[in-house]
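Naming: A, B, ... by sequence-line order, numbering from 1 per chain.
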Amino acid sequence: MKPSEFFDDFSQLLLKWRNPLPGRDLPWAFEPNPYKVWISEIMLQQTQATTVIPYYLSFIEKFPDITSLTEASIDEVLNLWTGLGYYSRARNLHRAAQQIADQHNGQFPTNFEEILALPGVGLSTAGAICALAFGHKAPILDGNAKRVYARSFCVDDEKDSQRTRRLWKIADACTPAEDCQKYTQNIMDLGATVCTPRNPKCEVCPVGSLCCAKSTNLIEKFPARKQRVIRKTKAVTLVVALDQCNRLLLERRPPAGIWGGLWSFPEYSDHIDNVQKWFWQNYTMKISIIQTWDPFHHDFTHFRLNITPLLVQIADSESHRFLEVDIDLVSLDKPL
DNA sequence: ATCCAGACCT
DNA sequence: AGGTCTGGAT
C-alpha cells in the first residue's frame with residue numbers, strides 16, 4: 001500500500017475539480033433527498049445516464065416520495081420501468097419500499113447497514129446513497145470508480161477477487177470525511193466523462209499529475225482484463241429413449257456433480273457406434289436408433305457442454321421395467 | 001453469434 | 001465463489 005499522503009493528494013485534486021465538460025447537469029445531481037438519490041442510483045445501475053433521464057423524470061412525477069411508492073402496486077412500478085431493462089430492479093424497489101414502511105416508519109433509513117439491507121442495494125450503491133444524500137464518509141466502487149482507481153494506482157492483480165479487495169481499500173483510503181458528497185459526485189463524473197473506458201481525456205484529468213497508468217504510458221492496460229476462463233468443451237450424447245407406449249426413460253443423476261440429484265436423460269459419452277452395447281450393459285434393454293438430432297450447446301461457467309440428443313426406441317418386451325411417474329413430480333434439469 | 005463486463009444475490 | 005440478467009463491442 002502506498003503512503004497515505006498519496007491518497008490524500010488524490011482526494012484533494014479530485015475535490016478541487018470543477019467538471020468543465022458539458023452534459024452532466026443531471027436532474028438528480030445535488031438533490032440531497034435520500035429517496036431521489038436512491039431511485040436515481042438504482043436506475044443508473046448498468047444503465048447510461050442519458051437513457052435514465054426520461055424514466056427518472058416520469059418515475060418521480062408518478063411517485064414523488066416513499067409513501068406514494070409504498071402505496072403503488074408492483075404492476076404500476078413495472079409499467080414505468082418498461083423499456084429500461086433489468087426488471088428485477090423494479091421489483092426490488094417495490095419490495096424495498098415495503099421494507100421501509102414496515103421497518104423504518106416510512107422514513108428512508110440513514111445508516112449504512114440499514115440502507116445496505118434494502119433489496120437491490122449492494123455495497124457500492126449503499127455507499128453512494130450515504131455519501132450523496134447524507135454527506136457521510138462512505139466509499140463507492142462502481143464501474144467508473146473502479147476504472148479511475150485502477151488507473152491512478154496501477155492496480156493489476158490477476159485474480160478479480162483480489163483486485164476488487166484492493167480497490168475497496170484504496171477507495172476507503174481516498175474517500176474524505178469532509179465534502180464526501182462532492183468527492184463522490186466527482187469520481188462518478190470523472191469516470192463518466194474523462195477517465196472513460198477508451199480514449200480517456202488525460203490532458204484534462206484533474207489527477208493526471210499523479211496517475212500511475214498515465215506516467216507509465218499504460219492507460220489502455222487498465223483496468224486489467226478479467227482473467228479469461230479457459231472453457232473446455234465436453235461432448236455428450238443424451239439418449240431420448242421411448243418405449244412402445246411412448247414413455248420416456250429418465251434417470252436420477254448422482255447426488256454430486258453436474259445437475260446433482262436431478263432427473264435427466266441417460267448420458268453417454270463414447271462413440272455412437274457402441275451406444276447399443278452400452279445401453280444393454282447399463283439398462284439391459286435393446287434399443288434401435290431412430291435418429292440423431294442436431295447438436296446444441298449449453299454453457300457453464302467452466303466448460304461448454306455439446307449435447308447431441310439421440311432418439312431411440314426401446315424393444316417392447318422390456319417395457320415392464322418402467323416405473324410410471326407423473327411428470328409434474330419430476331424435477332427436470334433443463335428445458336427441451 | 002459470441003464474448004465480455006457490471007451490479008446484486010445466494 | 002458462482003448465478004443471473006442484460007447491453008455493448010467485436
(request) Could you tell me whether the SG atom of C211(A) lies less than 2.5 angstrom from the SG atom of C202(A)? (result) no
(message) Protein within reach of the bases, or only the backbone? For nucleotides 5-10 of chain B, mark each nucleotide 5' to 3' as B, S or -, using heavy atoms under 4.0 Å.
(response) SBBSS-
(request) For H136(A) and C180(A), indicate whether the former's side chain and the latter's backbone hold a donor-acceptor pair under 3.5 Å. (result)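 Judged by distance alone, no pair lies under 3.5 Å.
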(request) Using modelled atom types only, decide if a donor and an acceptor are shared between the side chain of S68(A) and the backbone of D65(A) within a distance under 3.5 Å. (result)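 Between the backbone of D65(A) and the side chain of S68(A) there is a qualifying donor-acceptor contact (under 3.5 Å).
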(request) With sequence neighbours excluded, tell me which residues meet ring pair (Phe, Tyr, Trp, His ring centres under 6.0 Å) with Y183(A). (result) none
(request) Among residues two or more places apart or on two chains, list those pairs meeting side chain to side chain donor-acceptor pair (under 3.5 Å) that have a residue in residues 202-219 of chain A. (result) none
(request) Hey, which sits more toward the 5' end of DNA chain C by its nearest nucleotide, G83(A) or S161(A)? (result) S161(A)
Determine all donor-acceptor pairs shorter than 3.5 Å in which one atom belongs to a side chain in residues 48-55 of chain A; sequence neighbours excluded.
residue : atom : partner : partner atom : Å
Y55(A)  : OH   : T82(A)  : O            : 3.1

At a cut-off of 3.5 Å, list every protein nitrogen or oxygen paired with a nitrogen or oxygen from nucleotides 8-10 of chain C, distance to 0.1 Å.
none

(request) Could you give me the CA-CA distance, side-chain angles and deciding distance for S11(A) and D8(A), then say whether side chain to side chain donor-acceptor pair (under 3.5 Å) is met? (result) CA-CA 5 Å; S11(A) 296; D8(A) 291 343; 5.1 Å; no
(message) Listing request: all salt bridge (Lys or Arg N to Asp or Glu O under 4.0 Å) pairs with a residue in residues 91-119 of chain A, at least two apart in sequence or in separate chains.
(response)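 Listed once each, the pairs would be none.
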(message) Rounded to whole Å, please give me the gap between CG in D160(A) and P in dG2(C).
(response)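 Between P of dG2(C) and CG of D160(A): 11 Å.
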